[in-house]
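Scroll down for the structure; my scribbles are underneath it.
By convention in this document, chain letters (A, B, ...) are assigned in the order of the sequence lines, proteins followed by strands, and residues within each chain are numbered from 1. Everything quoted here is computed from the prediction, not taken from an experiment.
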There are 2 protein chains.
Amino acid sequence: MRQPRAKRKASIADVAKAVGVSKTTISRYLHGEYDYMSAQTRERIRKVIEELDYRPNRVAQILKATRSNIIGVVIADISNPFSSQLLKGIQTECRKHDIQLLISDADNSAKVERAAMESLLDSQVDGLIVNTAGDNDDFLTAFATTPGNPPMATLDRTLLPLVCDGVATDNAGGVNLMMDHLVAQGFEYVTFVVRPPSGITSRLHRINAMEDYLATHAIDGEVLIYDPAKDDLPDLLSRLSHDHVDDRICLFANNEETLQDILRACDREECRLLERAGLCTFGSENTRFTRSGITCLDQNPVLIGRTCAARLIDRIQSKSDKPFELIKLPTELHVYPSTEIR
Amino acid sequence: MRQPRAKRKASIADVAKAVGVSKTTISRYLHGEYDYMSAQTRERIRKVIEELDYRPNRVAQILKATRSNIIGVVIADISNPFSSQLLKGIQTECRKHDIQLLISDADNSAKVERAAMESLLDSQVDGLIVNTAGDNDDFLTAFATTPGNPPMATLDRTLLPLVCDGVATDNAGGVNLMMDHLVAQGFEYVTFVVRPPSGITSRLHRINAMEDYLATHAIDGEVLIYDPAKDDLPDLLSRLSHDHVDDRICLFANNEETLQDILRACDREECRLLERAGLCTFGSENTRFTRSGITCLDQNPVLIGRTCAARLIDRIQSKSDKPFELIKLPTELHVYPSTEIR
DNA sequence: CTGTTAGCGCATTCAA
DNA sequence: TTGAATGCGCTAACAG
């Protein structure tokens, strides 16, 4: 019945048989409980394990145990460089704890996201990190509050009311930081450019922060929502340009994706907006090489990922019921020529 | 002994008991073998499963089955945007086949890479995709040729002699494509800039292709290897500049990482090299937004990932012993102002 | 149409 | 010091 020796990997039973002891003893050996065996058996076990190249089957271990040491990650769009930084942070933290990562890309779809989460659950993950694609709050909340489900943490996006831990950028803080800078530079009209919020909290929070700022400070501006599907950005920008011919305008992009949308929109047409307008963005520090250097708010995604993983692991291990926490990490402003007044 | 009802998730036994049939029948239901049961039982099972919110435990399924429907991926550096595109491709292909991804970051270390591969093996993955960190050929070869190990495929980097499938960029083709372009543009001296090869085949192949090209075409140039740890690039570049004051120089970067190293090196010092030299790179198309637009060879990493996953899945499923294949995907040249002669 | 039985590989009582 | 027996949750003969 069993496969011909050579192919099939050795099991604990094979090792036991070869050594001439019971599986229990092998199991003990594997767990370092050397006190329960003679020095000779211990040595013989060592040798046989080496000869047979035996390695315990994690699947079987998981089936027995209550923990799998696997964390599931659902990421809205894995091809996004920002996401890959998040994953780097998660991975770094998890390696420290010898935890493996089952990663699933949601392809920016709430539906795929739900399926991925269910599927990860079936794989007995000890916890779940979710960078939601948006418009999925009901499901996420239900998931987090269902007794029996493993702990979950939201990544870069937040879920309110707080039904699980979450780590995200301090979006309002970032907006204020950038706006203060732009005011200091002497800009008169700032347009925050963003794709439709679609339930993505980071966008919503930034939009709110922006509106707050405009309402409470001596600077004018607006929030400009465009839709890449409609390709309406070029028109919106040229209208903006016409409406504010004499203002010192600055465009403030929601992220590098939008920054590129802006650059692309301004490439074609004879849109000369960027010749006179400032430009800045939420993003990573390598925007210093975009055009002549674009001022940006670095979010330190690696740290966000690390913090989120650490928080989740702590909750898994401590099993305590400390209150859920929403950790907001500050952004760092990097100034480059794009926000100098010309 | 068992946990208090509420917490523990329902098992197939719970469903069977609730319905009043055997586990076998439930198992059959789960696999769509409806012919083997009455319409009533079928309906009752459906209802009970819904009520209990029962979902089969994949870990138990895997333990029984010979396949896990999980593919392990070891990626040299997950924070690299190029890698994240590779992963996107892999993920896309795997979702089609309902295969999950256990992803591990090797942190650019051969040692971590080895540990990650062993660990993935223990998790009973059906196959392994390896984007090696380099300098690990012996282990990889041994791994691929060990009977009993699951099939493996190399990603973006190649292992020779061919002991497993592999998908990578057609590096030589790319170098030729770019060099032909540079010659046509009228450049007289082309320097291929690259970090130490360190057993990374893409770098080696490009270096070889570059040397071949220089030896066989009417254009001069060199391969310049720098070491970011020593921070020697600024010096190397200024020397280059002095040695070729009258030549029409072009720098050809190995990837976007190196491109940034070059830009950074030329930022400080009063290195005026870039004011007169051309610049191009292997990379993604968004280099069109770097500086005033950098000519690049797009490798289409998503396609590389997809192709690699497809190949591996085919090998897993067909179980056939077709000969191993090294698939080379072409690059696409995108021309931007950086390679115009000034 | 349905159930009984016997494992998958391992960890854990409990007993010796 | 050691081992036998049991079960994690599921599947698959084989037997009705």
Side-chain angles (χ1 to χ4, degrees), chain A residues 1-3 7-45 48-49 52-70 121-126 148, chain B residues 1-3 7-45 48-49 52-70 121-126 148:
Chain A
M1 282 303 91
R2 291 173 77 94
Q3 289 213 217
K7 277 298 232 178
R8 179 169 216 88
K9 284 198 281 189
S11 82
I12 197 170
D14 299 325
V15 179
K17 202 181 310 166
V19 180
V21 297
S22 79
K23 297 191 289 177
T24 314
T25 305
I26 309 298
S27 179
R28 291 206 179 103
Y29 175 92
L30 293 175
H31 293 252
E33 298 164 25
Y34 303 132
D35 293 348
Y36 295 116
M37 66 194 72
S38 68
Q40 302 105 305
T41 32
R42 173 173 169 183
E43 172 58 17
R44 284 180 39 226
I45 293 178
V48 170
I49 286 185
L52 265 48
D53 193 27
Y54 166 73
R55 310 202 100 226
N57 180 330
R58 286 207 64 220
V59 174
Q61 291 181 315
I62 295 172
L63 184 61
K64 283 291 313 181
T66 50
R67 290 225 352 232
S68 64
N69 283 308
I70 296 179
L121 248 200
D122 296 342
S123 298
Q124 310 301 107
V125 295
D126 290 337
Chain B
M1 280 306 87
R2 290 173 77 95
Q3 289 213 216
K7 275 297 229 180
R8 179 169 217 87
K9 284 197 282 190
S11 82
I12 197 170
D14 299 325
V15 180
K17 202 181 309 166
V19 180
V21 297
S22 79
K23 295 190 292 177
T24 312
T25 306
I26 309 298
S27 177
R28 291 207 179 100
Y29 175 92
L30 293 175
H31 293 246
E33 299 165 25
Y34 303 131
D35 291 348
Y36 295 118
M37 66 195 71
S38 68
Q40 304 103 303
T41 33
R42 174 173 170 183
E43 171 58 15
R44 286 181 35 227
I45 294 177
V48 170
I49 285 185
L52 266 48
D53 193 28
Y54 166 74
R55 310 203 98 223
N57 180 331
R58 285 207 63 219
V59 174
Q61 290 181 314
I62 295 171
L63 185 61
K64 278 295 305 186
T66 51
R67 288 223 356 228
S68 64
N69 283 310
I70 296 180
L121 249 199
D122 297 342
S123 298
Q124 311 301 106
V125 295
D126 290 339

Distance-only, no hydrogens or angles: does the B/R55 side chain make a donor-acceptor pair with backbone N or O of A/D122 under 3.5 Å? no
note: A/L30, atom CG; C/dC10, atom P; distance rounded to Å ~ 8 Å
Between CZ of B/R28 and P of D/dG9 the distance, given in whole Å, is 21 Å
Exercise. Are A/S27 and C/dT12 close enough that a side-chain N or O sits under 4.0 Å from OP1 or OP2?
Worked result: no
Are A/S38 and D/dT2 close enough that a side-chain N or O sits under 4.0 Å from OP1 or OP2?
yes
By nearest-heavy-atom nucleotide on DNA chain C, the more 5' of A/I12 and B/S22 is B/S22
Taken to the nearest whole Å, CD1/A/I26 to P/D/dG3 is 9 Å
| task | Confirm from the modelled atom types if A/K64 and D/dG7 form a donor-acceptor pair under 3.5 Å, side chain to base only. | result | yes
Need one value for A/V21: base, sugar-phosphate or nothing, where a base atom within 4.0 Å counts as base even if backbone is also close, heavy atoms only. sugar-phosphate
Between B/R42 and B/A60, the residue closer to the 5' end of DNA chain C by nearest nucleotide is B/R42
Between NZ of A/K23 and C1' of C/dG7 the distance, given in whole Å, is 10 Å
request  = Answer yes or no: does a side-chain N or O of B/T41 lie under 4.0 Å from OP1 or OP2 of C/dT2?
outcome  = yes
Here the distance between atom P of C/dC8 and atom CD of B/Q61, to the nearest Å, is 18 Å
Checking the side chain of B/R58 only, and the main-chain atoms of B/S68 only, is there a donor and an acceptor separated by less than 3.5 Å?
yes
Q: Return yes when atom OH of A/Y36 has more than 12 non-hydrogen atoms of other residues, nucleotides or ligands closer than 6.0 Å, and no otherwise.
A: no
Is a side-chain donor or acceptor of A/R28 paired with a backbone partner of A/D35 at a separation under 3.5 angstrom?
no
**Asked** If you look at every strand shown and take non-hydrogen atoms under 4.0 Å, does B/Y54 touch a base, only sugar-phosphate, or nothing?
**Response** sugar-phosphate
Does A/T24 get its side chain close enough to the base of C/dA11, under 3.5 Å, for a donor-acceptor pair?
-> no
To the nearest angstrom, the CG-P distance between B/L63 and D/dG7 comes to 17 Å
Whole-Å distance, A/I62 CD1 to D/dG9 P, equals 14 Å
B/N57 side chain near B/K9 side chain, heavy-atom distance below 4.5 Å
no
Taken to the nearest whole Å, CD1/B/I49 to P/D/dC10 is 10 Å
